[in-house]
Amino acid sequence: MIPNRQDITPILGFSCLPLLLVFPVTLFVPVLNYMISLAAVFAALYLAINKMDILLTIGLLGSLGVLLSVHGLKPWMVSFWAVAAVPGAVFGRAMALGITPRKAFFAGMTVSVVLSLLFFYSIREPFNESIDAFGSWMLSMVGSLDTSDAFKADLADSFEGLLGMTKRLAPAFMALHGVTLLFVGWLILKMILDMMRKFHPGLGNFIYWKMPQLVIYIAGLFLLTRLTGPDILKVIADNALLFLGFFYALFGFAVIEFFLKKVRLSLILKVLFYLGFVFLQLPGLMMAAMIGLFDSYFDFRKVRARMIG
């Protein structure tokens, strides 16, 4: 007799435990660890959203125990483990309590950002040292090139600027990595719940995603700080603006997709349109971010009216 698809919920819940427990063991295997990290996010989300609190507690504490027994008590390892294990549990638990998916995701995202910044703080010195060592190696390679001194100097300046920007904006990239991990884990959970034909509240149709209007004033405050503040505050402002700019660009693409659907653009033309953004690279992302920024204030798609109505 084939069991009902919804009956496999407890079985899948028990299968989530090994995913959480094996995650710390793969810490130093880059590609495999990323895949297992996604599996750990999914596992914590699945257990939390299905109110399997005992299994979730066993999985989290057991996973932390495996980490400590294998690698010892090291702050950067604990914070790295927490980025994968804790935000999913917070997100799923908030959903289980009846909080709307968007607010629940924001709660998980907030926890993810805080833990990601703690992780960066714990590795900032060796991270900067590795960037400096890589920069020295790149400069030595540039110096050995058989070309003009002027070209080598320009190339060296470009590499130094790029590496300096990497060090300056590393906290924002760390935070975005944690948020992306949480979001992809949610997508995996959504696909599995869809296959199980289980009802689950989603994050809404992408074409209606929108940045809250209040954030535009926060972005303006960081921009003012970037222009007039001391150096340390400028670094904070740069990271905050990069983080917010990523979401403005994402919601800008939601606006673009809304109007592309409205004009019923063919698939081929739509692909060509988005390839244009790929070729534009940074200017294309900035254009999308500006669209998302203006939409958060002017509400081109009348999303607020839809929510009220």
Side-chain angles (χ1 to χ4, degrees), residues 37 74-87 90-91 102-103 105-135 157-184 209-253 281-297:
S37 297
K74 298 178 181 178
W76 75 268
M77 289 187 180
V78 174
S79 57
F80 184 81
W81 164 85
V83 169
V86 177
V90 173
F91 180 17
R102 292 184 182 183
K103 292 181 179 179
F105 181 79
F106 181 77
M109 184 183 76
T110 302
V111 172
S112 177
V113 169
V114 171
L115 292 174
S116 297
L117 293 178
L118 288 175
F119 171 66
F120 173 76
Y121 181 79
S122 64
I123 66 163
R124 68 192 188 285
E125 292 182 3
F127 175 81
N128 289 334
E129 290 172 0
S130 65
I131 292 294
D132 291 338
F134 179 74
D157 289 340
S158 297
F159 278 124
E160 287 180 347
L162 179 62
L163 295 176
M165 185 181 298
T166 301
K167 291 167 64 175
R168 185 182 185 91
L169 300 177
F173 286 121
M174 291 284 184
L176 288 172
H177 170 266
V179 174
T180 303
L181 201 66
L182 178 64
F183 182 71
V184 175
W209 285 11
K210 173 183 179 60
M211 183 75 89
Q213 184 178 354
L214 174 65
V215 181
I216 194 172
Y217 301 107
I218 299 174
L221 180 62
F222 280 120
L223 180 60
L224 181 64
T225 302
R226 175 67 182 83
L227 295 174
T228 62
D231 288 341
I232 183 63
L233 290 183
K234 286 182 178 180
V235 173
I236 296 174
D238 284 344
N239 282 273
L241 290 172
L242 174 61
F243 185 81
L244 293 176
F246 171 83
F247 288 98
Y248 275 121
L250 177 65
F251 297 141
F253 281 115
Q281 298 182 7
L282 183 59
L285 288 175
M286 293 181 65
M287 187 186 306
M290 292 305 296
I291 293 173
L293 177 70
F294 286 116
D295 175 70
S296 69
Y297 188 83

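Side chains included, hydrogens not; waters and symmetry mates left out as well; all remaining heavy atoms used.
- Listed here is the closest heavy atom pair of R226 and L241: CB-CD1, 4.3 Å.
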Working note: M109 + F247, criterion side chain to side chain contact (heavy atoms under 4.5 Å, CB included); need CA distance, chi angles, decisive distance, verdict. CA-CA 12 Å; M109 184 183 76; F247 288 98; 3.7 Å; yes
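- Taken to the nearest 0.5 Å, the CG atom of L233 stands 9.0 Å off from the OG1 atom of T228.
- Listed by chain and residue number, nothing satisfies the ring pair (Phe, Tyr, Trp, His ring centres under 6.0 Å) test with F251 (two or more places apart in sequence, or in another chain).
- Taking OH from Y217 and CG from L224, the interatomic distance works out to 15.0 Å, rounded to the nearest 0.5 Å.
- Using a 4.5 Å cut-off on side-chain heavy atoms (C-beta onward), L115 and W81 make no contact.
- No donor-acceptor pair under 3.5 Å is formed between the side chain of Y297 and the backbone N or O of L214.
- For the pair R124 and Y121, the cation-pi criterion (under 6.0 Å, within 45° of the ring axis) is fulfilled.
- For the pair V113 and A175, the tightest heavy-atom approach, listed with the atom from each and the gap, is CG1-CB, 4.2 Å.
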Evaluate side chain to side chain contact (heavy atoms under 4.5 Å, CB included) for R168 paired with V235, printing each intermediate quantity in order. CA-CA 7 Å; R168 185 182 185 91; V235 173; 3.6 Å; yes
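- Minimum interatomic distance between P171 and N239 (heavy atoms only, all atoms of both residues): CD-OD1, 3.3 Å.
- No donor-acceptor distance shorter than 3.5 angstrom exists from the side chain of K167 to the backbone of I131, with no hydrogens or angles considered.
- For S116 (side chain) and S112 (main-chain N/O), a donor-acceptor pair under 3.5 Å exists by modelled atom type.
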Before giving the answer on side chain to side chain contact (heavy atoms under 4.5 Å, CB included), spell out for F173 and L242 the whole-Å C-alpha distance, their side-chain angles and the decisive distance to 0.1 Å. CA-CA 8 Å; F173 286 121; L242 174 61; 3.9 Å; yes
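- With rounding to the nearest 0.5 angstrom, the CG atom of L223 is 11.0 Å from the CG atom of L244.
- Contact check for F80 versus I123: no side-chain heavy atoms found under the 4.5 Å cut-off.
- For F222, there are no ring pair (Phe, Tyr, Trp, His ring centres under 6.0 Å) partners, not counting sequence neighbours.
- Ring geometry, F91 versus F105: the interplanar angle exceeds 60°, so the pair is classed perpendicular (tilted spans 30 to 60°).
- Between W76 atom CH2 and E125 atom CD the span is 15.0 Å, to the nearest 0.5 Å.
- Taking CG of D295 as the reference point, atom OH of Y248 lies at 10.0 Å (rounded to 0.5 Å).
- A heavy-atom distance below 4.5 Å is not found between the side chains of S296 and V215.
- Side-chain contact between E129 and F134 is absent, with no heavy atoms from C-beta onward closer than 4.5 Å.
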V179 vs F243, test: side chain to side chain contact (heavy atoms under 4.5 Å, CB included). Steps then yes/no. CA-CA 10 Å; V179 174; F243 185 81; 4.2 Å; yes
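- Residues G245 and A289 come closest through the heavy atom pair O-CB, 3.9 Å.
- Two residues are said to be in side-chain contact when any heavy atoms from C-beta on lie closer than 4.5 Å; M174 and L117 fail this criterion.
- The minimum heavy-atom distance linking P87 with A82 is given by the pair CD-O, 3.0 Å.
- With rounding to the nearest 0.5 Å, the separation of NZ in K74 from OG in S122 is 12.0 Å.
- For F246, there are no ring pair (Phe, Tyr, Trp, His ring centres under 6.0 Å) partners two or more places apart in sequence or in a different chain.
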